[in-house]
Amino acid sequence: MKRLAKSFIMFLVITTIIFVYASARGDIMHAQGGNAKNTREFVTIMPGDTVSQILYPKHTNVEGLTIAFNPEVKDTNFTADVEVRSANGVDLFHISSAQMDILGQMSLPLSKNVQGSEQKLDLVISNIHYDSRKPVSIKTAQPLENTVMTINKETSKNAAVVVSYTLSSIPYLKWFVLLLLAVCVTWCLSFAGSNLIREYALIATLFGLLFAIFTPIYQSSDEYVHYLKSQDVAAGHFITPKYNGYVGYFVSPKILDTEVAPVEKDEKFNPDVYHFISGSSVKPDDLSKQVFTNQPTTAVYTFIPYIPQAIGIKIAMLFNTDIWTANIFGRLANLFTFVLMSTYALKLMPIMKRTFMFFMLGPIIMFHASSLSADTVLMGSSFMFFALLMKLWFEKETMSRKEKILLGLSGFIMVLCKFTYWPLILLVLLAPSARLGSKKEFIRFSSIFIGITTLTVAAWNLFVMSYVGDAVAGGNVSASKQLSFMLSHPAETLHVFTVSLDHGLSEWVQMYNTFGFLSTPLKAILYIYPIVIVLLAILDHQDRPLPLHKFQVWGLRVSVMAVTFLVMLSLYLTWTPVGYQYIYGVQGRYFIPIIPPLLLLIRQHFTLQVDKPSIPIFASRAATLFLAYSFLFWFAKMF
């Protein structure tokens, strides 16, 4: 009874904190809607222009609307007249730059007559005046209501005025999500320290489901193209199709219509959840109506990291569901695959279980594990491989046949997902031969595992170079030309790598805590989360000390440096323009597979024995709080 009362009090406290923070983050506590899927661009308007738009809010409780201009409008002495007309009345507003916020937004409260029940509003912005030396632009978006804006009665193709609606209704869905988050946090905190493996599976599943369900589709890095690849694999194509010399996918035009641009750093997604879901809740056309879309970027991947997503999407196809449901099914299949792989890895890990539990619950890891990203299988396989490698290094018992197969299979999948992690599989050579039964068995296993993995990944990369070409990113990007530049300009190339490493570290760390399409940095976590990982690695000495010998230490150091170099090299060849002075496209999540070796090195070089706090309880509670903050921060940004 005391425990129940304590949990209830904890729930009330957590709920209060969540609702107060949500209110401080913006309008999440209010009901909103919008007429735009996603912001596209700013369209310049001139003095004397008249901008008009027919709006279909699909709401009967619109209290007001907000229009947006470029932020620089504050310095232009801008004035205009705005007319909002419905069947029941007309509201007239005289607006000026002095009334706008720092983002150039202007809220217009509507009268009761105009609100009414009529689901059609005529918006007209006229008598525009401003300092002509500083151009003013109005924010536009891809139309969601199938009506476009006009400027001086000339239609602006595929653009609508960005309008956000303030509604008088209570945002029940948002309140429900916040209460659900409070329940999850209370549950996880209440059972902290009970059972490490079950706790990890519980926390990963709960927060993974929150991210998977409540993140709008295509709002993680490259998720749209990952969806195209996943649905192609679900259709039985293990190699990306080629058409008229181009590599890409045959898809329904309705799928292409659901593409939305990533939300920018200072913007919010369309807050009308139901409206957005209905926009992507359409069924794809049949096969006879498919069109080809050029998309070589995901063609360089094998089908292996897309198997879970493809299974989820295939199930959705069998039930003839819509595009939104197919995306969610793919995400859930990806998430459950990751949870199974990482939970098994944690169970196998012979040392530092608490540290790796906290690490594998990292916000950026769970965010991508709950998306359609190919990195999900990569992360899961790398965690399994490292756990089995540590078991091979440290356990006294001979490794079983099952564990040998899993070690080889996880390493094979990891490297086939991205060849840049190939140096990690060489760490198998630093294990005591007795762990594999005998010296002969050690040589046989190592030769077969490393040999097959190396030959397969080499064959695949050679095939990709001939099938896809070496200019995946387009423009002045060519792997062969870049390689030629490197060989003919070694000093300049060394300078590029040095500068990129020197100035890129802080950016890579920041990207390790960035949600969306590299658009939403979680700054509070940015400075604390890596520190907590390091502290846990230093304090996590509840298991027996297992020092590494010098060859293993140097093996870890060299493999980490080699992977870092290969990641930079691959991006220099495939994403960086020829001769460019900085390596383009490096992201913090690319280094996730080498963090476990780094944590092991930290433990080797730094030790600190303490009795309190209890490391298992601290790791569990800290991971829960970091994930709760991350989801709340992200949800407030989206809605």
Task: E223 bridged to R331 by N-O distance under 4.0 Å - done: yes
Task: Minimum heavy-atom distance between M486 and T493, given as atom pair plus value - done: CA-OG1, 3.3 Å
Open item on the list: Before we go on, tell me: are the rings of F565 and F497 under 6.0 Å apart, centre to centre?
Closed with: yes
Open item on the list: Does K254, at its NZ atom, have more than 12 non-hydrogen atoms belonging to other residues, nucleotides or ligands within less than 6.0 Å?
Closed with: yes
Task: Pair S478-S480, side-chain donor/acceptor within less than 3.5 Å - done: yes
Task: Over-ring placement of K242 relative to Y467, 6.0 Å and 45° cut-offs - done: yes
Open item on the list: Apply side-chain contact (heavy atoms from CB on, under 4.5 Å) to residues N513 and I364 and explain how you reach the verdict.
Closed with: CA-CA 6 Å; N513 291 285; I364 195 66; 5.6 Å; no
TODO: Please report the closest heavy-atom contact between G411 and T453, naming both atoms and the distance.
DONE: O-CG2, 4.5 Å
Task: Test side-chain contact (heavy atoms from CB on, under 4.5 Å) applied to V43 and S137, step by step - done: CA-CA 5 Å; V43 173; S137 301; 5.9 Å; no
TODO: Scan side-chain atoms only and decide if T520 and W634 contain a donor-acceptor pair under the 3.5 Å cut-off.
DONE: no
Open item on the list: Counting the benzene-type ring for Trp, do F359 and F383 have ring centres under 6.0 Å apart?
Closed with: yes
Open item on the list: For a quick check under 3.5 Å, do K229 and T240 share a side-chain donor-acceptor pair by atom type?
Closed with: yes
TODO: Determine whether the side chains of Y306 and H226 contain a donor N or O and an acceptor N or O closer than 3.5 Å.
DONE: yes
Open item on the list: In this structure, is the centre-to-centre distance between the rings of F211 and F631 below 6.0 Å?
Closed with: yes
- [ ] Verify the distance criterion only: is there a donor paired with an acceptor across the side chains of Y421 and S382 at less than 3.5 Å?
- [x] no
Open item on the list: For Y249 and T298, which I'm curious about, is there any donor-acceptor pair between the side chains at under 3.5 Å?
Closed with: yes
